[in-house]
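To start, the structure itself, in structure tokens.
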Amino acid sequence: MDFLEVEVNTQKYLIDSANIKELVQYTQPQPVANSSQYIEGIISHKDNIIPIVSVRKLLGFDTFSQTQLQLLHDVEGQHVAWVTDYENSLRTGEPFKKALNPHMCVLGKWIDETVKCLKCNTHGYIDILKQDVIGHHSDLHLNGAKFLEATSADLSVEEKIKVIQGNAQETIKGIHKLRDNINKLVLAFEQVIICDVNGVDVGLIVDNIEKNHSLDEKHYYTATNNLSPNSPFVQFIEHYEINKKLMFSIKFTDELHGLVKSFKQQH
């Protein structure tokens with residue numbers, strides 16, 4: 001059987017290629033009032049109106065944009081706390097225990113990983129990251145390390161704190177700009193698979209489309225007929241071993257067919 005390997009929330013799944021009509025680049029769906037939480041909206045494709053569904057939501061996960069926005073919210077809070085602890089350390093002499101290496105905090109690790117993503121700059125998201133975040137974030141941590149050195153006596157404690165606060169403010173402004181432009185990352189990152197789900201065309205949003213596989217019994221690992229523990233819309237069919245990694249082949253259930261069919265009838 002032929003399958004398409006896709007990535008959803010860092011997990012790899014296999015979709016039967018026989019049900020796939022076309023692969024298209026993600027475009028922002030047009031929202032539809034009073035639709036199901038699982039339906040992101042609609043797109044017009046080849047004179048057809050296609051409902052767009054997030055596979056993340058079908059599997060019970062947050063959407064890609066929600067996870068990225070939550071990350072940015074978290075790292076902003078972490079850097080506010082970083083500055084508070086740092087100011088206390090400078091004023092009291094208590095040891096400072098948070099990261100002084102800009103590559104070792106959560107934001108730094110995310111930056112390093114994101115700038116490696118070749119497609120992430122399709123709409124200019126990496127340009128924003130480089131222009132508005134990286135330099136200020138590095139200055140915050142590197143100045144922090146420098147100011148803790150005993151030989152760094154060229155500035156007073158209050159002057160050092162003022163520099164650190166300025167670095168932090170600029171870093172947080174950059175984080176806000178990333179947040180306000182999160183759609184640039186979504187547009188570059190997500191992809192859509194137009195599938196036939198029991199006779200109804202549905203656009204399925206996934207994080208990434210990997211590759212096609214022709215699988216036979218030598219790849220077969222085990223069978224299951226279990227629903228996803230978080231969703232009635234996705235059924236795990238078989239477990240395959242590919243390059244020493246186990247992946248479920250998945251099927252979209254009659255419940256998804258009914259959801260989309262009802263949506264199309266109402267709209």
Side-chain angles (χ1 to χ4, degrees), residues 1-30 38-46 48-68 71 110 113-126 182-198 200-216 219-221 228 230-231 233-253 256-257 260:
M1 292 183 65
D2 292 330
F3 293 94
L4 180 66
E5 177 187 340
V6 301
E7 181 177 349
V8 180
N9 196 36
T10 73
Q11 298 296 316
K12 302 294 180 64
Y13 300 97
L14 300 169
I15 298 176
D16 189 343
S17 295
N19 299 321
I20 295 174
K21 288 192 166 183
E22 195 170 351
L23 309 179
V24 298
Q25 188 60 43
Y26 177 84
T27 56
Q28 186 70 46
Q30 179 183 340
Y38 298 100
I39 296 177
E40 301 287 283
I42 57 175
I43 63 169
S44 177
H45 181 70
K46 294 182 178 178
N48 292 321
I49 300 300
I50 307 292
I52 301 297
V53 175
S54 166
V55 178
R56 276 180 173 251
K57 285 187 177 181
L58 293 182
L59 288 166
F61 302 127
D62 288 337
T63 64
F64 176 71
S65 62
Q66 286 172 331
T67 60
Q68 296 300 307
L71 172 68
W110 177 80
E113 192 65 31
T114 303
V115 295
K116 295 176 186 176
C117 173
L118 297 179
K119 65 180 180 180
C120 291
N121 204 39
T122 305
H123 299 275
Y125 198 75
I126 303 301
I182 196 68
N183 196 50
K184 293 181 183 295
L185 186 60
V186 174
L187 287 170
F189 200 85
E190 295 190 320
Q191 294 172 282
V192 174
I193 304 169
I194 298 180
C195 275
D196 180 325
V197 178
N198 297 338
V200 177
D201 286 351
V202 183
L204 301 171
I205 302 173
V206 297
D207 292 354
N208 200 27
I209 295 172
E210 298 287 346
K211 61 188 75 173
N212 289 297
H213 297 282
S214 292
L215 303 178
D216 54 28
H219 300 97
Y220 177 75
Y221 182 75
S228 163
N230 299 316
S231 171
F233 302 110
V234 179
Q235 187 173 14
F236 298 145
I237 304 299
E238 292 173 325
H239 225 168
Y240 289 92
E241 184 174 356
I242 303 172
N243 298 326
K244 298 182 179 180
K245 294 182 180 180
L246 295 178
M247 300 180 197
F248 273 118
S249 62
I250 59 175
K251 176 184 177 182
F252 299 100
T253 66
L256 179 59
H257 170 265
V260 176

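Numbers here simply count residues along the sequence, with the first being 1.
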Assess whether side chain to side chain contact (heavy atoms under 4.5 Å, CB included) is satisfied between Ile209 and Ile193, documenting all intermediate values.
CA-CA 9 Å; Ile209 295 172; Ile193 304 169; 3.9 Å; yes
Would Phe64 and Leu185 count as a side chain to side chain contact (heavy atoms under 4.5 Å, CB included) here? Give the steps.
CA-CA 10 Å; Phe64 176 71; Leu185 186 60; 4.0 Å; yes
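Without hydrogens or angle criteria, Ser231 side chain to Gly60 main chain gives no donor-acceptor distance under 3.5 Å.
In this view, Tyr125 satisfies the ring-ring contact (aromatic ring centres under 6.0 Å, His included) rule with no residue, not counting sequence neighbours. For Lys119, the side chain to side chain contact (heavy atoms under 4.5 Å, CB included) partners are Cys117, Thr122, Phe189, Gln191, Asn208, not counting sequence neighbours. Remark: Asn183 pairs with Gln28, Val186, Leu187 by the side chain to side chain contact (heavy atoms under 4.5 Å, CB included) rule, at least two apart or across chains. Qualifying ring-ring contact (aromatic ring centres under 6.0 Å, His included) partners for Tyr26, counting only residues two or more places apart in sequence or in other chains: none. Legend: residues meeting side chain to side chain donor-acceptor pair (under 3.5 Å) with Glu7, ordered by chain and number and at least two apart, are absent. By the side chain to side chain donor-acceptor pair (under 3.5 Å) test, Lys46 pairs with Glu22, sequence neighbours left out. Shown here are the side chain to side chain donor-acceptor pair (under 3.5 Å) partners of Thr10, two or more places apart in sequence or in another chain: there are none. Under the side chain to side chain donor-acceptor pair (under 3.5 Å) criterion, Gln68 pairs with Trp110, sequence neighbours left out.
Between Phe3 atom CZ and Met1 atom CE the span is 4.0 Å, to the nearest 0.5 Å. Atom-to-atom distance recorded for Leu4:CG and His213:NE2 is 8.0 Å, nearest 0.5 angstrom. In this structure, CD1 in Ile39 is found 9.5 Å from CG in Leu58, a value given to the nearest 0.5 Å. A distance of 6.5 Å separates CD in Glu40 from OG1 in Thr63, rounded to the nearest 0.5 Å.
At a threshold of 4.5 Å between non-hydrogen side-chain atoms, the residues Ser214 and Asp2 count as touching.
The nearest pair of heavy atoms linking Val197 to Thr253 is CG1-O, 4.3 Å. The minimum heavy-atom distance between Leu14 and Leu215, with the atom names listed, is CD1-CD1, 3.8 Å. Of all heavy-atom pairs between Phe252 and Leu204, the closest is CE1-CD1, 3.4 Å. Residues Asn121 and Ile126 come closest through the heavy atom pair OD1-N, 2.9 Å. Residues His123 and Ala188 come closest through the heavy atom pair CD2-N, 3.7 Å. Nearest heavy-atom pair, Ile20 versus Asp16, reported as atom, atom and distance to 0.1 Å: CG1-O, 3.8 Å.
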Determine all donor-acceptor pairs shorter than 3.5 Å in which one atom belongs to a side chain in residues 48-56; sequence neighbours excluded.
{"unit_1": "Ser54", "atom_1": "OG", "unit_2": "Arg56", "atom_2": "N", "d": "3.3"}
{"unit_1": "Ser54", "atom_1": "OG", "unit_2": "Lys57", "atom_2": "N", "d": "3.2"}
{"unit_1": "Arg56", "atom_1": "NE", "unit_2": "Asp207", "atom_2": "OD1", "d": "2.9"}
{"unit_1": "Arg56", "atom_1": "NE", "unit_2": "Asp207", "atom_2": "OD2", "d": "3.2"}
{"unit_1": "Arg56", "atom_1": "NH1", "unit_2": "Asn9", "atom_2": "OD1", "d": "3.3"}
{"unit_1": "Arg56", "atom_1": "NH1", "unit_2": "Asp62", "atom_2": "O", "d": "3.1"}
{"unit_1": "Arg56", "atom_1": "NH2", "unit_2": "Asp207", "atom_2": "OD2", "d": "2.8"}

Hey, can you pull the donor-acceptor pairs under 3.5 Å for the side chains in residues 240-251, sequence neighbours left out?
{"unit_1": "Tyr240", "atom_1": "OH", "unit_2": "Glu238", "atom_2": "OE1", "d": "2.5"}
{"unit_1": "Ser249", "atom_1": "OG", "unit_2": "Glu238", "atom_2": "N", "d": "3.1"}
{"unit_1": "Ser249", "atom_1": "OG", "unit_2": "Glu238", "atom_2": "O", "d": "3.3"}

